[in-house]
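In the text below, chain A, chain B and the rest are named by the order of the sequence lines, each starting its count at 1.
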Amino acid sequence: MAWTDERVAKLRELWDKGLSASQIAKELAEGVTRNAVIGKAHRMGLASRPSPVKSDPQKKAKAPVEKKVVKPKAKAPTGKVSLLDLTERMCKWPIGHPGEPDFHFCGKPSAPTFPYCGTHCGEAYQVQQPRRDRRANRGRISATPVR
DNA sequence: CCCTGATTCGC
DNA sequence: GCGAATCAGG
């Protein structure tokens, strides 16, 4: 989509009005992303509004190294997680079977780069254990991916 | 995680 | 000139 005079005008208007780039992109629609908006705004020479990132070059000296501990707590989703609800970082371990009325997915936060949460990674990726001692796996479903 | 603008660079 | 990808943050 080309930058017609109309669209440029609207961009300038909304930008001056203080809307964020993503908001402007939504207004213009037609497959325009916020990247496109920002890029165009810059090329137009629009006053680059204070970026939240670049602002305030001289910051207050922060002697205390106060570290915010990243919350390891992850909330489990409310209710059943359907196929449509799944996002990249959700555990995709199926509960039940496709077609069944109650079929859904685990949905808990998945381990980084893994399709399942910690618990279900444990189910999915089981180290082959000595034939002698498989007691640890007794009662568990077998989900070894490659046999 | 959601979000912000800035910058780069192949097209 | 364009904008996706990336960066550097809030």
Handout entry: Nearest listed nucleotide, side chain of A:Ser20, among B:dT4, B:dA6, C:dC2
Key =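 Per side-chain heavy atoms of A:Ser20, the pick is B:dT4.
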Exercise for the section: Compute whether any side-chain donor of one residue and acceptor of the other, for A:His97 and A:Glu100, lie under 3.5 angstrom apart. Expected result: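 Distance-only check passes for A:His97 and A:Glu100.
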For nucleotides 9-11 of chain B, print each protein N/O atom paired with a nucleotide N/O atom at under 3.5 Å, atom names and distance only.
none

Sequence neighbours excluded, which residues qualify as side-chain contact (heavy atoms from CB on, under 4.5 Å) partners of [X]?
X       : result
A:Arg12 : A:Val8, A:Asp16, A:Met44, A:Leu46
A:Glu13 : none
A:Lys26 : none

Problem - Residues forming a side chain to side chain donor-acceptor pair (under 3.5 Å) with A:Ser22, sequence neighbours excluded - result: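 A:Ser20.
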[atom1] of [X] versus [atom2] of [N]: gap in Å, rounded?
X       : N     : atom1 : atom2 : answer
A:Ile38 : C:dA8 : CD1   : P     : 16 Å
A:Ile24 : B:dT4 : CD1   : P     : 10 Å
A:Leu86 : B:dC1 : CG    : P     : 14 Å
A:Met44 : B:dG5 : CE    : P     : 15 Å
A:Met90 : B:dC1 : CE    : C1'   : 11 Å
A:His42 : C:dC2 : NE2   : P     : 14 Å
A:Leu11 : B:dG5 : CG    : C1'   : 14 Å

Below 4.0 Å: OP1/OP2 of [N] and any side-chain N or O of [X]:
X       : N     : answer
A:Lys40 : C:dG3 : no
A:Trp15 : B:dG5 : no
A:Ser22 : B:dC3 : no

Problem - Those residues of residues 30-37 of chain A lying under 4.0 Å from DNA chain B by at least one heavy atom - result: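 DNA chain B contact set from residues 30-37 of chain A: A:Arg34, A:Asn35.
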Handout entry: Side-chain heavy atoms of A:Cys121 within contact of A:Phe114, under 4.5 Å
Key =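 Answer yes - side chains close enough.
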Practice task
Looking only at non-hydrogen atoms, find the nearest pair between A:Trp15 and A:Ala21 and report the distance.
Solution key: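 The answer is CZ3-CB, 4.4 Å.
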Check: residues 28-40 of chain A side-chain donor-acceptor pairs under 3.5 Å, at least two apart:
residue, atom, partner, partner atom, Å
A:Thr33, OG1, A:Asn35, N, 3.3
A:Thr33, OG1, A:Ala36, N, 3.2

Exercise for the section: Check ring-ring contact (aromatic ring centres under 6.0 Å, His included) between A:His104 and all other residues, then give those that pass, not counting sequence neighbours. Expected result: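 If we apply the ring-ring contact (aromatic ring centres under 6.0 Å, His included) test to A:His104, skipping adjacent residues, there are no hits.
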